[in-house]
Every structure is written in structure tokens, then in C-alpha cells.
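Notes to accompany the following structure.
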Amino acid sequence: MAAYWLVKSEPEVYSIDHLAAEAEQRAHWEGVRNYQARNFMRDEMKLGDGVLFYHSNTKPPGVVGTATVVRESYPDHTQFDSNSRYYDPKATPESPRWFMVDLAFAEKFPRLLSLDEMREMPGLENLPLVRRGNRLSVMPVSPAEWKAILRAARG
DNA sequence: GCCAACGTTGGC
DNA sequence: GCCAACGTTGGC
């Protein structure tokens, strides 16, 4: 059975509309530079998994839609590119440190489901997103949480 | 723009 | 291997 995830992105950098506008509506999920988030992508995200798309650093922050994992993990090429803001001088092609998956656009919700609303919803207490001080940019979502969020966001 | 939270780095 | 300094995230 497919698993579920949530990924964060600053919409000014990369929004769900950017993803929907890509060729074939799919893109590399590059630039993740946190080990815990990387491990989820590298080891656990599987083809066909569902992904909640969250807009951070915006007013208000919240979940705006969903995507699907269409390619499992492989090295993030931006770690080798000294011109990239994601360059990592300690990474080599022989021993890559950072990984990414490919995501395809699936759905844009009729409205943004805000972080505040999710904090009020029963059943999301264990979602890292709603925890104070949380900074994880890729996190697992349980089937029950997924269902509750979709129901609330679709109205 | 501020700043709390927290992950990472590097000196020892 | 500890931990202070530092940098980043991300809500507000």
C-alpha cells in the first residue's frame, strides 16, 4: 500500500503552480539538505506514494494540493554544481550525500488549508508539521492524517 | 524584519 | 565526544 508524505516549499521559490506548469507536470525535488528529510526521500519514498504540497514562508502557510512520487531516489545533481545554491563541496559523484525524487502534480485544492486550521483539527496532533519549532521539510503522513487533510481541504 | 528553535560545524 | 558559536528555517 502506498505511503503518504508532506513536502514544504516556499511558493516564491517553487509553488504548486510551478509544478503544474512543468513539462509533463513533473519535476525533480532538488535541494533538500537535511539528513532526516533526505533519509525519508532516499529510503522510504516509493513510486506512487501520495505527497501533500505545503507552502511555507507565506501568509498564511498551508497545504495547497497533492503530488505523486513518479521516480524513486537518485543523487541530487545540484550538490555537484558549484554555481548552485545547493552546492555541497564535500559531495562527490562517487559518494553522493544528497538525494531527490521526482514528483508529478496531482491536484490543487479549491482552497489553501492553513497551518492554523490544521492545528485545530483533531487527529493531526502527531503530525510534525503542527509541532512547535518544527523544521523538517519532508515528513511522513499517516493514512488517517492524509484522509483528514484531504477531506478538510476539498471542503 | 524579527527572532525562537534547532541543526551543523569545528575547536578542544 | 562535548558544546559554544554560527547559520538557517519559517512562523509571526
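Order of the sequence lines sets the chain letters (A, B, ...), proteins ahead of strands, with each chain counted from 1.
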Item to check | Pairs flagged by salt bridge (Lys or Arg N to Asp or Glu O under 4.0 Å) wherever residues 14-25 of chain A is involved - sequence neighbours left out | outcome: A/D17-A/K108
Checklist entry - Which residue pairs satisfy the salt bridge (Lys or Arg N to Asp or Glu O under 4.0 Å) criterion with at least one member in residues 142-155 of chain A, sequence neighbours excluded? => result A/E107-A/R154
Checklist entry - In residues 133-142 of chain A, which residues come under 4.0 Å of DNA chain B by heavy atom? => result A/G133, A/R135
Checklist outcome for this item: Excluding A/W98, membership of its hydrophobic cluster (Ile, Leu, Val, Met, Phe, Trp, Tyr; side-chain heavy atoms within less than 4.5 Å) reads A/Y35
Item to check | For A/F40, ring-ring contact (aromatic ring centres under 6.0 Å, His included) partners two or more places apart | outcome: A/W5
Checklist outcome for this item: Bounded by its outermost nucleotides with an atom under 4.0 Å from a heavy atom of chain A, the footprint on DNA chain C reads C/dG7 to C/dC12
Checklist entry - Which pairs count as salt bridge (Lys or Arg N to Asp or Glu O under 4.0 Å) when at least one residue sits in residues 94-103 of chain A, sequence neighbours excluded? => result A/R26-A/D102, A/D88-A/R97
Checklist entry - What pairs of residues pass the salt bridge (Lys or Arg N to Asp or Glu O under 4.0 Å) test when at least one of them lies in residues 31-44 of chain A, not counting sequence neighbours? => result A/R33-A/D76
Name every donor-acceptor pair, under 3.5 Å, that has one atom in a side chain of residues 115-125 of chain A and the other anywhere in the protein, sequence neighbours excluded.
residue, atom, partner, partner atom, Å
A/E117, OE1, A/R111, NH1, 3.2
A/E117, OE1, A/S114, N, 3.0
A/E117, OE1, A/S114, OG, 3.2
A/E117, OE2, A/R111, NH1, 3.2
A/E117, OE2, A/R111, NH2, 3.1
A/R119, NE, A/V130, O, 3.4
A/E125, OE1, A/G123, N, 3.0
A/E125, OE2, A/G123, N, 3.2

Item to check | Residue closer to the 5' end of DNA chain B, A/N34 versus A/K90 (nearest nucleotide) | outcome: A/N34
Next on the checklist: Can you list, by chain and residue number, the hydrophobic cluster partners of A/Y74 when the side-chain cut-off is 4.5 Å?
Outcome noted: A/M100
Checklist entry - Which residues, if any, of residues 56-67 of chain A bring a heavy atom under 4.0 Å of DNA chain C? => result A/S56, A/N57, A/P61
Checklist entry - Would a 4.5 Å heavy-atom cut-off, applied to side chains only, mark A/L136 and A/Q36 as touching? => result yes
Next on the checklist: Students often get this wrong, so: under 4.0 angstrom with heavy atoms, is A/R119 touching a base, only sugar-phosphate, or nothing?
Outcome noted: sugar-phosphate
Enumerate, atom names and distances included, each donor-acceptor pair closer than 3.5 Å involving a side-chain atom of residues 51-63 of chain A, sequence neighbours excluded.
residue, atom, partner, partner atom, Å
A/H55, NE2, A/I16, N, 3.1
A/N57, ND2, A/E10, OE2, 3.4

